[in-house]
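First the structure, in the form of structure tokens, and then the observations on it.
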Amino acid sequence: METTNTANKLARMRTINEALTLIKAQDPETAVTYNFIRKLLDRDKVRHFRSGSRYILNFDDLLNELNMN
């Protein structure tokens, strides 16, 4: 039997504010806003869930969505 070392990649889950901070660190003059990200979540363009009143989103999905547009 052949064994492989496949590492499970964990999703980078972030709040909207954390995601926005990471985006602004890469591009300080970005036009992406909190409300823009919320609209993407409301339209189910990015995988996410709610924890109380917070949105927790898949950061990699967000980056993919931003790169597609």
Side-chain angles (χ1 to χ4, degrees):
M1 180 175 2
E2 186 176 317
T3 59
T4 59
N5 291 331
T6 57
N8 291 334
K9 183 178 177 186
L10 292 175
R12 296 191 296 168
M13 305 301 287
R14 304 289 186 266
T15 64
I16 295 175
N17 284 326
E18 291 170 341
L20 192 54
T21 299
L22 291 171
I23 291 169
K24 285 185 178 185
Q26 293 283 323
D27 180 11
E29 296 182 23
T30 186
V32 176
T33 64
Y34 182 96
N35 288 329
F36 177 77
I37 296 172
R38 271 287 304 272
K39 287 180 184 182
L40 290 176
L41 300 182
D42 290 342
R43 295 180 189 138
D44 289 328
K45 299 284 188 177
V46 176
R47 289 182 284 180
H48 67 282
F49 63 90
R50 300 263 323 243
S51 177
S53 62
R54 287 183 169 187
Y55 285 89
I56 309 295
L57 60 95
N58 184 311
F59 186 65
D60 294 316
D61 281 358
L62 175 62
L63 293 180
N64 287 335
E65 184 63 29
L66 293 174
N67 286 328
M68 289 178 14
N69 293 327

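- Looking at every heavy atom in both residues, Lys45 comes nearest to Glu65 through O-OE1, 3.8 Å.
- In this structure, the separation between CG on Asp60 and CE on Met13 is 10.0 Å, given to the nearest 0.5 Å.
- What you find for Phe59 and Leu22 is that their closest heavy atoms are CZ-CB, 3.7 Å.
- Tyr55 pairs by the ring pair (Phe, Tyr, Trp, His ring centres under 6.0 Å) definition with His48, not counting sequence neighbours.
- By the 4.5 Å heavy-atom criterion applied to side chains, Leu66 and Ile23 are counted as neighbours.
- Judged as a salt bridge (Lys or Arg N to Asp or Glu O under 4.0 Å), and not counting sequence neighbours, Arg54 has no contacts.
- Scanning for side-chain contact (heavy atoms from CB on, under 4.5 Å) contacts around Asp27 gives Glu29, Thr30, with sequence neighbours left out.
- Residues forming a side-chain contact (heavy atoms from CB on, under 4.5 Å) with Ser51 (at least two apart in sequence, or on another chain): Phe49, Ile56.
- Judged as a side-chain contact (heavy atoms from CB on, under 4.5 Å), and not counting sequence neighbours, the contacts of Arg47 are Asn58, Asp61.
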Could you pull out all donor-acceptor pairs under 3.5 Å where a side-chain atom in residues 36-43 meets a protein atom, sequence neighbours excluded?
none

